[in-house]
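Working notes for the structure below.
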Number of protein chains: 2
Amino acid sequence: MEKRASARQRDTTGYLGRMVSETAEGNGKRSEAGAVRYQKLAADMRRAIEAGKFGNDGRLPSEESLAEQYGVSRGTVRNALALLRANGLVTSRRGTRRVILGTARTQSFHELLSFTNWARSLGEEPSARTIHARVRAATAVEGERLQLDPGNDITEVLRLRFLGRVPVMLERTVYPVRVGEVIETLAPDSLSHTGALDASGVVFADSEHTIDIVAADETDARLLGCAEGAGLLREVRRATDPTGTPLLWSEDRFLPGTVSFTVHNSATVSSLARRRAPR
Amino acid sequence: MEKRASARQRDTTGYLGRMVSETAEGNGKRSEAGAVRYQKLAADMRRAIEAGKFGNDGRLPSEESLAEQYGVSRGTVRNALALLRANGLVTSRRGTRRVILGTARTQSFHELLSFTNWARSLGEEPSARTIHARVRAATAVEGERLQLDPGNDITEVLRLRFLGRVPVMLERTVYPVRVGEVIETLAPDSLSHTGALDASGVVFADSEHTIDIVAADETDARLLGCAEGAGLLREVRRATDPTGTPLLWSEDRFLPGTVSFTVHNSATVSSLARRRAPR
DNA sequence: TAGTGGTCTAGACCACCGG
DNA sequence: CGGTGGTCTAGACCACTAG
């Protein structure tokens with residue numbers, strides 16, 4: 001192989017582009033109607049890619065020619081492409097046409113927050129058994145997690161989650177009362193709490209997911225049917241509204257072999273962090 | 001609490017913006033010099049936020065006024081803000097000023113790919129013991145993973161990784177020969193393979209990380225010093241160059257309690273997928 | 001050197017939030 | 001209703017890739 005000239009030549013790819021609400025483009029429940037131009041465009045191009053309509057050299061047409069074809073400005077094309085890029089569908093590099101990578105698999109924001117949505121997107125039948133749900137004063141830790149003053153009330157929910165008839169995950173969720181009030185109006189084993197919140201006008205805007213491994217405690221073992229001390233995959237979810245106010249904090253423990261998490265990163269934008277485990 | 005009017009009012013936040021190479025902004029090794037305008041701007045604004053220079057109402061100035069202050073166009077400001085947004089530093093919502101969320105902690109692309117970089121960014125002393133490294137024909141599976149024809153050669157490396165003196169992770173990496181050739185020129189226990197590739201001009205552009213839980217096999221148990229069958233946190237890393245050509249495929253198994261992974265998502269752009277576990 | 005994607009500008013209009 | 005962020009346009013120049 002030929003010798004490369006120098007190091008430090010990398011990072012020149014310094015991207016940019018725009019983004020976009022994957023909302024209308026991905027497999028979320030929101031439909032394509034109501035989406036703005038670049039979102040429809042992205043959906044369109046995604047289909048075109050999957051149908052192989054861009055020829056078989058594995059390259060996309062230039063932004064200029066796409067703009068012409070679709071009758072929009074280059075900026076709008078770039079917005080759409082940024083969407084596909086973020087999901088790992090296409091590359092981007094200065095100097096050459098974009099390369100088609102394949103079909104992206106990133107899930108929509110709501111599928112990540114809602115076990116029910118997620119299960120359905122997989123073609124599985126989700127269900128839930130509420131172990132308990134109660135209102136009580138927040139501990140100091142909970143107060144901090146939800147940005148409440150300690151002593152404020154929270155709603156605490158413990159639910160066992162199933163795919164088909166098989167228990168898969170144990171969910172320990174804490175809501176600020178404000179949010180929890182909505183939950184309390186629901187039937188005991190109602191499926192999608194997140195969906196209900198959604199429907200009642202609660203707006204989820206950002207979330208953070210931390211993944212690690214934890215030993216099953218006595219409760220986990222009993223409800224999930226595993227040995228005490230066995231390793232479980234833990235996902236801690238935190239969600240906030242558009243103003244940054246916490247809406248929920250949840251610690252979910254999955255049986256091994258039931259889920260995996262995949263993150264896509266590019267040199268230009270990365271949303272993943274690897275840390276030392278807590279404690 | 002007042003009743004919210006209607007559902008389906010959510011998703012209006014349909015963001016957009018631009019992105020940017022976190023490269024110059026985050027804690028990557030590339031310096032700020034050489035960065036373009038919006039990158040410097042982002043770095044600047046990050047510092048301003050951390051120093052509390054935007055007042056204590058927790059809000060950012062309007063894009064317009066930021067553009068004026070910094071003497072750039074609104075588009076450039078939006079590019080910079082998109083960067084901060086992607087890292088969870090600020091929110092964005094139509095109609096109101098952006099809200100400051102806090103200090104983001106997302107790691108740079110290279111820290112995710114390189115155990116050595118990662119460890120150092122934590123202030124820990126990384127080391128490595130190479131168990132074996134060899135060149136052999138690719139299996140069918142490997143061929144597919146690296147997009148090679150089966151029978152093509154690959155370089156296979158098995159390394160035990162330490163933080164301080166403590167074994168933390170066992171790394172099974174496969175490179176296409178083209179890439180592996182660089183590795184072979186290195187000293188047996190040289191620290192950063194990724195760094196070496198980097199220095200020799202190999203350009204990493206995209207990566208995908210899949211995280212799940214796996215039972216320790218006999219090799220894992222022996223080298224990591226855990227019980228056979230114990231749960232380990234598995235991270236499968238795949239990296240490609242800007243053209244989409246695979247550069248490496250690695251399966252890393254971490255002892256429990258050593259790492260956690262955090263992903264930030266927003267309703268407008270999400271890079272995380274939750275799946276059923278393989279098999 | 002020609003073509004392509006990345007950066008930047010200037011201006012426009014709209015949807016939404018809050019008073 | 002005014003201010004703000006989201007979308008879109010049109011045009012310019014630059015950095016880079018590949019022939």
Side-chain angles (χ1 to χ4, degrees), chain A residues 5 9-21 23-24 34-42 59-68 70-85 90-99 203 205 241-243 266-269, chain B residues 4-5 9-21 23-24 34-42 59-68 70-83 85 90-99 203 205 241-243 266-269:
Chain A
Q9 64 175 86
R10 181 206 322 71
D11 209 280
T12 51
T13 311
Y15 171 57
L16 132 306
R18 281 79 169 173
M19 312 189 180
V20 69
S21 175
T23 278
V36 290
R37 219 121 142 202
Y38 72 90
Q39 291 169 342
K40 291 181 188 163
L41 224 184
R59 305 243 154 183
L60 239 44
S62 73
E63 297 177 353
E64 192 96 46
S65 83
L66 284 168
E68 203 174 345
Y70 285 103
V72 299
S73 76
R74 193 179 154 215
T76 301
V77 168
R78 282 177 64 77
N79 268 345
L81 288 171
L83 226 188
L84 303 183
R85 172 102 171 82
V90 301
T91 63
S92 66
R93 189 170 52 137
R94 184 154 22 197
T96 67
R97 295 262 185 86
R98 289 168 189 267
V99 174
V203 181
D241 74 8
T243 71
S266 64
T268 51
V269 61
Chain B
R4 243 64 151 274
Q9 65 176 84
R10 178 208 322 72
D11 210 280
T12 51
T13 311
Y15 172 59
L16 130 308
R18 279 80 166 170
M19 315 188 177
V20 69
S21 175
T23 278
V36 289
R37 219 119 141 205
Y38 72 90
Q39 292 169 342
K40 290 180 187 162
L41 225 184
R59 304 244 153 183
L60 239 46
S62 73
E63 297 177 353
E64 192 95 45
S65 84
L66 283 168
E68 203 174 344
Y70 285 104
V72 299
S73 75
R74 192 178 154 216
T76 300
V77 168
R78 283 178 64 77
N79 268 345
L81 287 171
L83 226 189
R85 173 101 172 74
V90 301
T91 63
S92 67
R93 190 171 49 138
R94 182 152 27 195
T96 67
R97 296 261 258 268
R98 289 168 190 268
V99 174
V203 181
D241 74 8
T243 72
S266 64
T268 51
V269 61

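Below, chains carry the letters A, B, ... as their sequence lines are ordered, and counting in each starts from 1. The figures that follow rest on heavy atoms only: side chains count, while hydrogens, waters and symmetry mates do not.
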* Whole angstrom value for the distance that separates P of D:dC8 from CG of A:L41 -> 9 Å
* Given C:dG5, D:dG6, D:dC8, which nucleotide is nearest the side-chain atoms of A:V36? -> D:dC8
* First encountered from the 5' end of DNA chain D, between A:T76 and B:T243 -> A:T76
* **B:P242 to A:R93 - nearest heavy-atom pair and separation** => CB-CD, 3.1 Å
* **Rounded interatomic separation in angstrom, taking NZ from B:K40 and P from C:dG6** => 19 Å
* Asked: Any side-chain N or O of A:R74 less than 4.0 Å from the OP1 or OP2 oxygen of C:dT4?
  -> no
* Short side-chain to backbone donor-acceptor contact, A:T91 and A:V99, under 3.5 Å -> yes
* Asked: Below 4.0 angstrom from OP1 or OP2 of C:dC8, is there any side-chain N or O of B:R78?
  -> no
* To do: Rounded to the nearest angstrom, tell me the gap between atom CG in B:L83 and atom P in C:dC8.
  => 12 Å
* Asked: Would you call B:L66 and B:R74 a side-chain contact if the rule is heavy atoms closer than 4.5 Å?
  -> no
* Asked: How would DNA chain D look in dot-bracket form, 5' to 3', counting Watson-Crick and G-U wobble pairs with both distances under 3.5 Å and writing | for bases paired to another strand?
  -> ||||||||||||||||||.
* Which residue, A:G71 or B:L60, contacts DNA chain D at a nucleotide closer to its 5' end, judged by nearest heavy atom? -> B:L60
* **Whole-Å gap separating P (C:dC8) and CG (B:L66)** => 15 Å
* Contact nearer the 5' end of DNA chain C, comparing B:S73 with B:R59 -> B:S73
Restricting to nitrogen or oxygen on both sides, can you table the protein-nucleotides 1-4 of chain D pairs closer than 3.5 Å?
unit_1: D:dG3; atom_1: N2; unit_2: B:G95; atom_2: O; d: 2.9
unit_1: D:dT4; atom_1: OP1; unit_2: B:R97; atom_2: NH1; d: 2.5
unit_1: D:dT4; atom_1: O2; unit_2: B:G95; atom_2: N; d: 3.3

* Asked: When you look at B:R98 and B:R85, which way does the side-chain contact (heavy atoms from CB on, under 4.5 Å) test go after all the steps?
  -> CA-CA 10 Å; B:R98 289 168 190 268; B:R85 173 101 172 74; 4.2 Å; yes
* Round to the nearest Å and state the distance from A:R85 atom CZ to C:dT4 atom C1'. => 15 Å
* To do: Indicate the atoms forming the closest heavy-atom contact of B:T76 with B:Y38, along with that distance.
  => O-CB, 3.6 Å
* Structure fact -> On a heavy-atom basis, the closest approach of B:L60 and B:R97 is O-NE, 2.9 Å
* How many Å lie between CG on B:D241 and P on D:dC16, as a whole number? -> 17 Å
* Criterion side-chain contact (heavy atoms from CB on, under 4.5 Å) on B:V77 and B:E64, from CA distance to verdict -> CA-CA 8 Å; B:V77 168; B:E64 192 95 45; over 6 Å; no
